[in-house]
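Notes to accompany the following structure.
Fair warning: this is a prediction, and the values are worked out from it, not measured in the lab. When a ligand or atom number is given, it counts from 1 through the structure's own listing order.
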Amino acid sequence: MNVVDLRSDTVTRPTPAMREAMARAEVGDDVYREDPTVRRLEERVAELLGQEAALFVPSGTMANQLALRAQTEPGDEILAEAQAHVLLFERGAHAALAGVTVQAIPTAAGVFGPEELARRLHQAPPRIPPDLFPPQRLLCLENTHNSGGGTVWPLETFRAVVGLARESGLRVHLDGARIWNAAVAAGMPERSWTGLCDSVAVCFSKGLGAPVGSAVAGSRAFVERARRFRGMYGGAMRQAGVLAAAALYALEHHRERLAEDHRLARKLARGLAELPALAVEPERVQTNIVYFRTLRMPAEAFAARAQEEGVKVLPVGHDTIRCLTHLEVSESDIDRALAVFAKIANG
Ligand SMILES: *Cc1c(COP(=O)(O)O)cnc(C)c1O
């Protein structure tokens, strides 16, 4: 039975054309900066993101964590949305490797305005010495916001928040693992958001379908500092051009098609909304992520039943399931998933 895997957009396998590009890649030792394909990828990414330079790294986690480490000192404070990937899904690296403390900003869908940021800025009452607080150094934003439901940051809100951060002396990092989805959904180039930030992390191994790889971009000085930490963290690679070639191929051929993933995610959400035993908010589906709640059984039981029928979904809470659309999910796969969900929901 052909399995429909909706757990994540990371489950895609490289296509035959992508594998061909990988096989043809010109390579060299990237630690000596002699891999022409890696350099081409880094230049292309910097250009797309409106930044001076970029650095190819093995994972999105490393991209984010290099940005945190390079832009803070141990004991500094970072500000991030409470469900941010950098805080929840990177194995505590912000604490263990960058040594930073956290000011979490709770939101409903991952996006907040300057008022919410303002409330989290340390303002010492007159009799408290202001240097008692950890220095607030870096604001981390996420676009699209994964736990928020694939939410796209409205550009004006983003601009206002970044503006206040800068006025307050903060640097700004963007976790743009799915910035490609945001750009396609909003019909605006990636750099509309990323060009406003000091550093940006992006992934090639999510919706773009590359097997491995992420990048972190920023000023030349930032990237050189990140390069030092990449080495320390064990992320300096040698003939990485075979991987960079997959990322370059993905940037060229798999960005526009993300619109199809978004269309199928909306279709999935509309179909789920018809099922009385499940709760979903289709109007919140902006990109390729759909969260829904199982009202009559635990999410774990629902996922197990679905898997028996050849549909894999991800339980992310006791009654919450996550589904993502991607390169290997077709319209008929969505029809089939909906039929399976209906069968389970109707008991
Ligand atoms: C996937 C993801 C990352 C990075 O994940 P890796 O698995 O380390 O590549 C970072 N941020 C967000 C929002 C993500 O979804």
Under the salt bridge (charged side-chain N to carboxylate O under 4.0 Å, His left out) test, residues paired with E73 that sit two or more places apart: R225

Just need the protein heavy atom nearest to atom 8 (O) of ligand 1, so name the residue and atom and give the distance. T61 OG1, 2.6 Å

Are side-chain heavy atoms of R178 and T287 found at a separation under 4.5 Å? no

What are the atoms of ligand 1, with element, lying closer than 4.0 Å to any heavy atom of E142? 13 (C)

Would you check whether R91 has a nitrogen or oxygen atom less than 3.5 angstrom from a nitrogen or oxygen atom of ligand 1? no

Numbered in order shown, the ligand 1 atoms found under 4.0 Å of a heavy atom of S59 are 8 (O), 9 (O)

How close does the nearest protein non-hydrogen atom get to atom 6 (P) of ligand 1, and which residue and atom is it? G60 N, 3.6 Å

As an exercise, identify every atom of ligand 1 less than 4.0 angstrom from a heavy atom of R178. 15 (O)

Go through ligand 1 atom by atom and flag the ones less than 4.0 Å from a non-hydrogen atom of N64. 10 (C), 11 (N)

Please determine, by modelled atom types, if T107 and E116 share a side-chain donor-acceptor pair under 3.5 angstrom. no

What are the two closest non-hydrogen atoms of D35 and R238, and how far apart are they? OD2-O, 4.1 Å

For a quick check under 3.5 Å, do H173 and N64 share a side-chain donor-acceptor pair by atom type? yes

How far is atom 2 (C) of ligand 1 from its nearest protein heavy atom, and which residue and atom is that? K206 NZ, 2.2 Å

State, without any angle test, whether E81 and H145 hold a side-chain donor-acceptor pair at a distance under 3.5 Å. yes

Minimum-distance protein heavy atom relative to atom 11 (N) of ligand 1: D175 OD2, 2.6 Å

Minimum-distance pair of heavy atoms, taken over all atoms of S214 and S59: OG-C, 3.2 Å

Answer yes or no for E90: is there a heavy-atom contact with ligand 1 below 4.0 Å? yes

